[in-house]
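Quick note on labels: first sequence line is chain A, next is B, and so on, each numbered from 1.
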2 protein chains.
Amino acid sequence: MMFTYMCRTCGCSFRSRDFGNVERFIEPCILLLLSKDSSHGYGLMEDLEKHCGEKVDIGDFHRTLRRMERDGWVKSDWEKNEAGADRRVYTITQEGKEFLKSAANSLIRTDKLIHKFLEGFQKSQSV
Amino acid sequence: MMFTYMCRTCGCSFRSRDFGNVERFIEPCILLLLSKDSSHGYGLMEDLEKHCGEKVDIGDFHRTLRRMERDGWVKSDWEKNEAGADRRVYTITQEGKEFLKSAANSLIRTDKLIHKFLEGFQKSQSV
DNA sequence: CATATATATATGATGTTTACATACATGTGT
DNA sequence: ACACATGTATGTAAACATCATATATATATG
């Protein structure tokens, strides 16, 4: 999620990330989907765009899945695919389920911080 | 905000960031404070820990303020200080006020994404 | 059959952000 | 003289994100 700004002095455009990104938000989103059913990377994409509301970079996405396996949240097995290239099918682990729970708790805390900020902001705007 | 994990293979402990951080959340928090009154870095700390709820690294914090000035959200002036080292006093700019508004809007959107996730998660847990 | 397209996974290069340590300067209290 | 509080700043390394590109297979189309 990048943002294009305009430089105030020379008028050149520069890029910066949009604001409000939750770091690695994609991970609990993936785990929530996998907690319902095992799936493969490419197939998770469509569901993710529905659930996360954001476009996902496919390269980054696969790298994220490999890291999640390294971290123990998921495991993978290759599956033969008649209709195209073979698939690596990901399954959530017990540790992944526990991480999903703790991530949900962290997100509740994050949500409170955001609310606290928005409350203060709205108060300042209504003056 | 770091988190200590235990490695599953060798038992060593490794550190990773806690989950749920909003990237550069500190920036709109600073701007919200400065929209009420100009202040200097060190002095903003106490208020920030109240408003952001998290500890702030002072080195990182000053670097953030310098970047925010470079980006045009704030401007600074040196102020003589009888009771210690001189202070760099930051004031919000018009552009900073506009960024604060757009950041608030982004955070409303972020909040919706988190809610969508938490709803799905709670549904999956109640089965 | 050559080419394009959809499905599918992976990596290289680069820049940004964060964490932690450390440096530097001034004034106060003992 | 020394510790401590106040105050700002930088060096370094790891983690993270972005964008481009590589690789492979199956299907559709001219």
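The distance between atom CZ of B/Phe19 and atom P of D/dA15, rounded to the nearest whole Å, is 17 Å. Atom CZ of B/Phe61 and atom P of D/dT10 are 16 Å apart (whole Å). As rounded to whole Å, 13 Å separates atom P of D/dA15 from atom CD of A/Glu27. We find that CG of A/Asp60 is positioned 16 Å from P of C/dT16, with the value rounded to whole Å. Nucleotide D/dT6 holds its P atom 15 Å from the CG atom of B/Leu44, rounded to whole Å. When rounded to the nearest whole Å, the span between NE2 of B/His40 and C1' of C/dA25 equals 15 Å. Between B/Glu82 atom CD and C/dT26 atom C1' there is a gap of 12 Å when expressed in whole angstrom units. Here the C1' atom of nucleotide C/dA25 and the NZ atom of B/Lys80 are 11 Å apart, to the nearest Å.
Closest contact between the side chain of B/Arg24 and the listed nucleotides D/dA9, C/dT16, C/dA8 involves C/dT16. Side-chain proximity of B/Asp57 to the nucleotides C/dT9, D/dT8, C/dC20 is greatest for C/dC20. Residue B/Arg63 places its side chain closer to D/dT12 than to any other of C/dT17, D/dG7, D/dT12. The side chain of A/Asn81 lies closest to C/dA8 when the candidates are C/dA8, C/dA10, D/dG7. Set against C/dT9, D/dT6, D/dA9, the side chain of B/Tyr42 has D/dT6 as its closest nucleotide.
An OP1 or OP2 oxygen of D/dG7 is reached within less than 4.0 angstrom by a side-chain nitrogen or oxygen of B/Arg87.
Side-chain contact check for A/Thr91 versus A/Leu34: every heavy-atom pair is 4.5 Å or farther apart. A/Phe99 has its side chain within reach of A/Glu27: a pair of non-hydrogen atoms, C-beta onward, lies under 4.5 Å apart. Contact of the A/Phe121 side chain with the B/Lys101 side chain is registered, since non-hydrogen atoms from C-beta on lie closer than 4.5 Å.
Residue order along DNA chain C, read from the 5' end via each residue's closest nucleotide, puts B/Thr64 first among B/Gly59 and B/Thr64. With DNA chain D read from its 5' end, the first of the two nearest nucleotides for B/Tyr90 and B/Ala83 is the one closest to B/Ala83. Nearer the 5' end of DNA chain C, as judged by each residue's closest nucleotide, is the contact made by A/Ile58, out of B/Arg67 and A/Ile58.
B/Arg66 and B/Tyr90 make their closest contact through NH1-OH, 3.2 Å (heavy atoms, listed as atom of the first residue, atom of the second, distance).
Checking B/Thr64, B/Leu65, B/Asp60 one by one against B/Ile26, the side-chain contact (heavy atoms from CB on, under 4.5 Å) holds for a single residue, B/Thr64.
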